[in-house]
Every structure is written in C-alpha cells, then in structure tokens.
Number of protein chains: 2
Amino acid sequence: MRASDRAYRTLREDILQGTLEPGTVLGEIEQSARLGISRTPLREALGRLVADGLAAPSAGRGMVVTAASLADAGKLFDLRIALEVLAVRRAAETAADDPAAHDRFADLAGTFDRAISPLSQGADPTDYYALTQELDLAVDSSCGNAYLADSLRGVRVHLARLRRLSRHSPARLAETAREHAAIARAIADGNPELAAAATVVHLQQALAHLRTDPDSTTPPPDAVTDPGRSYTAPLKETTA
Amino acid sequence: MRASDRAYRTLREDILQGTLEPGTVLGEIEQSARLGISRTPLREALGRLVADGLAAPSAGRGMVVTAASLADAGKLFDLRIALEVLAVRRAAETAADDPAAHDRFADLAGTFDRAISPLSQGADPTDYYALTQELDLAVDSSCGNAYLADSLRGVRVHLARLRRLSRHSPARLAETAREHAAIARAIADGNPELAAAATVVHLQQALAHLRTDPDSTTPPPDAVTDPGRSYTAPLKETTA
DNA sequence: AATCACCCGTGTGTATACAGTGATCCTATG
DNA sequence: CATAGGATCACTGTATACACACGGGTGATT
C-alpha cells in the first residue's frame with residue numbers, strides 16, 4: 001500500500017477516534033516524523049483530510065484538526081436525512097426486482113433482530129457498529145447511484161465524529177437496532193415509502209438523543225469552528 | 001497564488017470545457033511540462049481532480065479524464081433534485097425572516113424576468129449563465145448549511161460537464177429563465193413548499209430536455225465509465 | 001514606557017533526484 | 001504460428017534539498 005494512503009487512514013482514524021483533538025496543529029515535519037514517512041506523501045494525506053473537512057489550513061499555523069461540534073449536528077442531519085431517504089427509496093426499488101438484493105436486506109433485518117436482546121442487556125456494541133456499517137454499505141450499493149453513495153460517504157465521516165460525543169445507553173442501542181431492522185425489512189420488502197419513513201424515524205430519533213445527551217463536550221477554544229470545505233469554496237466561481 | 005491552485009483551476013477548466021476530452025491520459029510529466037510547473041504541485045492538483053470525480057487513476061496508464069455520460073444523468077439529477085429541493089426550502093425559510101435575503105432573491109427574480117425576452121430572441125446566454133450561478137450562490141449561502149452547499153458543489157461540477165453535451169435553443173433558455181424566476185420569487189416570498197415544487201419542475205424539465213436532445217454525443221471508447229469517487233471508496237471500511 | 005522596525009526562526013510551497021513497479025514488446029520455444 | 005517468459009522502458013511514488021513567506025521576538029528610538 002502507498003505511504004500516503006497509510007498516512008491518510010492513520011490520521012483520519014486518529015481524528016475520528018479523538019486521539020488528535022480538534023485544534024491540534026498537524027505540522028508537516030512533525031507528522032511525517034511521527035508516521036515515519038516523508039513530507040510529500042503526508043501532504044497528500046493532509047490534502048485529502050482537508051477535502052473531507054477533517055482538517056483546515058490555519059494561516060501561519062499549518063493544518064489544524066477541525067472541530068466536531070454538536071452545534072451543527074442539526075445541519076448535518078438535515079442533509080443526512082435527505083440523502084439516506086433517497087438512498088433507501090432506491091434500494092427498496094432495487095430489492096423489489098432483484099432477489100439477491102432482497103435476500104441481502106432480509107438477512108440484515110434478521111441479524112439486527114437477533115442483536116436487539118443482547119444489546120439491551122449491555123453487550124459490547126462493537127459488532128453492532130460493524131453491522132450498521134454493513135447496512136450502510138448494502139444501501140450504498142443497492143441504491144444504484146454512485147453520486148449519491150459518494151455524498152453519503154462525506155456525511156458519514158462527520159457523523160462518525162459526532163457519535164463519539166454522546167454516550168449510548170443499552171436501551172438506546174437496542175432501540176436503534178430495532179429501527180435498523182425495520183429499515184432493512186422495508187427495503188427487503190421492496191417498500192420504498194415504508195423504508196423512507198422508517199429512515200426518517202430512525203434519524204430523527206438519533207438526532208434527538210444526540211441533543212439530549214448530557215455529555216455535550218465543549219470544543220477547545222482555539223478550534224476551527226466549521227469549515228465544511230470552505231477552503232475550496234472560493235474556487236466555486238470558476239465552475240461556470 | 002499557489003502553483004498547485006493554478007494547475008487545478010486550469011485542468012478543471014480544460015476538462016469542463018472539453019479541451020481535455022474524456023479518456024485523455026493526464027501524465028504527470030507531460031502535464032507539468034505543459035503547465036510550466038513541477039510534478040509536485042501538479043500531483044496535488046490531480047488529487048483534487050480525483051476527489052471531484054473529474055479524473056481517475058487508471059492502472060498503469062496514470063490519471064485519465066473521466067467520462068461525462070448522459071447515461072447516468074438520471075442518477076445525477078436524482079441526487080441533485082433531493083439536494084436542491086432541500087436547499088431552496090431552507091433558503092425560503094431564511095428569506096421569510098431575513099429582509100436582506102428577501103431582497104437578494106427578489107432582485108434575482110426581477111433580473112431573471114428581464115432576461116426572458118432577450119433570451120427568447122437569441123441573445124448571448126453567457127450573462128444568463130452567470131446569473132444562474134449567482135442564484136446558486138445565493139441559495140447556497142442562504143440555506144445556512146455548509147454541508148449541503150458542499151454536496152451541491154460536488155454535484156454541480158458534473159452538471160457543468162453535462163451542459164456541454166446539449167444544445168440550448170432560445171426557446172428553452174427563455175423557459176429556464178422563467179423557471180428560475182419562479183424559484184427565486186418563491187424563495188423571496190418565504191414560501192418553502194412553492195420553492196421546492198418550482199425547483200422540481202425546473203429540474204425535471206432540464207433533465208427531460210437533456211435526454212431528448214439529439215446531440216447525444218457518444219463518449220470515446222476508452223473512457224472511464226463513471227468512477228464517482230470509487231477511487232477512495234475502498235477506504236469506506238475504515239469509517240467505523 | 002510604548003511603539004515601530006528589523007532580524008531570526010519555523011514552516012510551507014516547490015523543484016529535483018531516486019527507486020520501485022507495472023506494462024509492453026520482443027524473443028524463444030513448444 | 002501461438003504462447004509464455006523475460007527484459008527493457010516509462011511512469012508513478014517517495015525522499016530530500018532549497019526558496020520564500022509569515023510570525024515572533026528583541027532592540028532601539030521617540
């Protein structure tokens with residue numbers, strides 16, 4: 001594997017897991033030394049992090065890890081709902097015609113069902129997170145729209161950071177498993193409307209729980225507020 | 001300005017305008033020589049093009065300009081409609097409270113109105129395209145959602161390529177101006193539902209005209225079908 | 001004492017040199 | 001004559017060296 005890929009994955013993981021806190025300066029020399037590579041591939045990795053919105057150039061200080069604020073979680077979910085609803089609609093339409101897709105989502109629904117009970121009893125949610133990701137992947141590929149899957153990917157990166165900001169009680173985890181099962185089953189049944197509604201329910205619940213969570217950690221004072229990809233925004237004028 | 005920025009803008013423009021046709025191999029040495037810069041900043045520019053979906057690495061041949069096919073225009077518009085509808089809804093909500101936003105869209109609506117007649121008589125559409133872009137920008141900033149604006153930016157890049165594939169008759173141009181005026185006015189009036197509906201009308205019409213256009217140029221045989229950002233897709237598994 | 005100017009240091013942006021890998025073409029053999 | 005194997009070549013990926021720009025700090029001057 002390329003050194004730049006390794007650097008990208010490592011840095012991304014470190015940012016998402018909070019090892020590199022928001023506001024941390026990602027000096028090229030420092031980071032290239034830490035990762036045991038030269039500055040060239042590291043710069044490429046940093047560029048991809050900027051495109052992802054996980055880092056932003058700060059004048060004179062170099063790259064800085066952006067803040068994952070609960071403040072604009074609403075904005076993020078607003079977009080997420082629109083995208084996921086569209087995706088599950090299309091996935092359901094696919095599953096209605098394609099037996100293989102149907103089976104895939106039916107299996108997922110069953111697996112989610114079986115996960116509910118253990119989760120409510122405080123089981124380790126690691127496997128469950130992997131399962132969730134598997135559902136996302138199934139939706140992405142079944143929706144038959146690479147552009148859509150791509151946009152969702154960008155959103156999910158930021159969601160992964162928000163997830164760390166809240167504590168998940170066993171009760172809530174079991175609830176989300178039920179919601180996921182409902183979504184998967186609706187898709188398997190080839191019912192776009194139901195799948196869309198189930199998705200809205202799930203995401204609204206997720207947002208509500210995110211907001212009511214007492215664990216609202218405040219970002220470090222010098223953290224970049226939220227750049228989105230504002231760094232590339234000035235180039236918009238050349239789109240014409 | 002940085003050399004890598006210049007290279008990015010130039011290459012992007014060349015791809016969008018068709019100077020660099022789909023399937024063209026973007027050799028690092030060749031392009032860096034053409035643009036008068038070294039390989040390092042060029043590589044950064046190529047990386048951004050890949051992130052935009054305008055280029056994709058082809059095993060052994062280097063970077064290749066991706067194809068802008070009418071084939072998946074439907075996919076693109078599926079996503080575009082979802083995003084733009086959400087954006088104009090939020091923009092209308094903003095305009096309902098913010099007089100400055102109201103005025104901005106009211107002005108735009110008027111300008112679009114005045115553009116209808118000249119366009120129907122075959123006037124140069126260059127100014128009109130700039131006006132359209134201005135509306136996009138106004139929606140982006142007024143929707144109050146950087147994430148959404150960002151996703152829209154990614155979509156619009158591909159749309160800019162599709163636009164080149166079809167001829168616009170004066171009649172159709174005047175029609176789009178009318179549709180744009182309707183959207184701007186609905187936003188100015190603070191009417192989210194009307195803005196959303198007007199947007200759906202406009203985009204469905206645009207897609208229909210794109211498809212019925214006789215000018216369906218076939219992409220070069222060795223063009224990359226459509227990568228989306230499939231290059232970065234394998235990394236999705238680390239999102240968890 | 002406060003402010004301005006100059007110097008120094010750090011860090012990014014760019015260029016170039018080097019190495020590794022993959023593809024293509026030619027040759028030899030079945 | 002076709003196919004397989006190897007060698008050559010060109011390209012990407014990485015490393016390093018250099019130039020420039022921005023900040024910070026310190027000193028002198030008002």
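Chain letters run A, B, ... following the sequence lines, proteins first and then strands; every chain starts at 1.
With sequence neighbours excluded, the residues that form a side-chain contact (heavy atoms from CB on, under 4.5 Å) with Glu93(B) are Arg90(B), Pro192(B). With sequence neighbours left out, the ring-ring contact (aromatic ring centres under 6.0 Å, His included) criterion links His102(B) to no other residue.
A straight line from CD of Glu44(A) to P of dT14(C) spans 15 Å, rounded to a whole angstrom. Rounded to whole angstrom, the span from the OH atom of Tyr8(B) across to the P atom of dG13(C) amounts to 17 Å. Going from atom CE of Met63(B) over to atom P of dA10(D) covers 21 Å, rounded to whole Å. Atom P of nucleotide dT14(D) and atom CD of Glu28(A) are separated by 15 Å, given to the nearest angstrom. Between the CZ atom of Arg2(B) and the C1' atom of dC22(D) there is a distance of 15 Å, given to the nearest Å. Put simply, CZ on Arg43(B) is 5 Å from C1' on dG13(D), counting in whole angstrom units. Separating the CD atom of Glu30(A) from the C1' atom of dT12(C) is a distance of 14 Å, rounded to the nearest angstrom. Atom CZ of Arg6(A) is separated from atom P of dG13(D) by 14 Å (rounded to the nearest Å).
Remark: Arg2(B) engages Asp5(B) in a salt bridge, criterion side-chain N to carboxylate O under 4.0 Å. Comment: Arg153(B) engages Asp52(B) in a salt bridge, judged by a side-chain N to carboxylate O separation of less than 4.0 angstrom. Look at Asp14(B) and Arg9(B) and you find no salt bridge, because none of the NZ, NE, NH1 or NH2 atoms lies under 4.0 Å from a carboxylate O.
For dT14(C), the OP1/OP2 oxygens have a side-chain nitrogen or oxygen of Ser4(B) closer than 4.0 Å.
Across dA15(C), dT14(D), dT12(C), the shortest atom-to-atom separation from the side chain of Pro41(B) is found for dA15(C). Distances from the side chain of Ile37(B) to the nucleotides dA15(C), dG11(C), dT14(D) place dA15(C) closest.
Judged by distance alone, the side chains of Arg80(B) and Ser151(B) never bring a donor and an acceptor atom under 3.5 Å apart.
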What's touching nucleotides 16-18 of chain D from the protein side, N or O pairs under 3.5 Å?
| residue | atom | partner | partner atom | Å |
| --- | --- | --- | --- | --- |
| dT16(D) | O4 | Thr40(A) | OG1 | 3.1 |

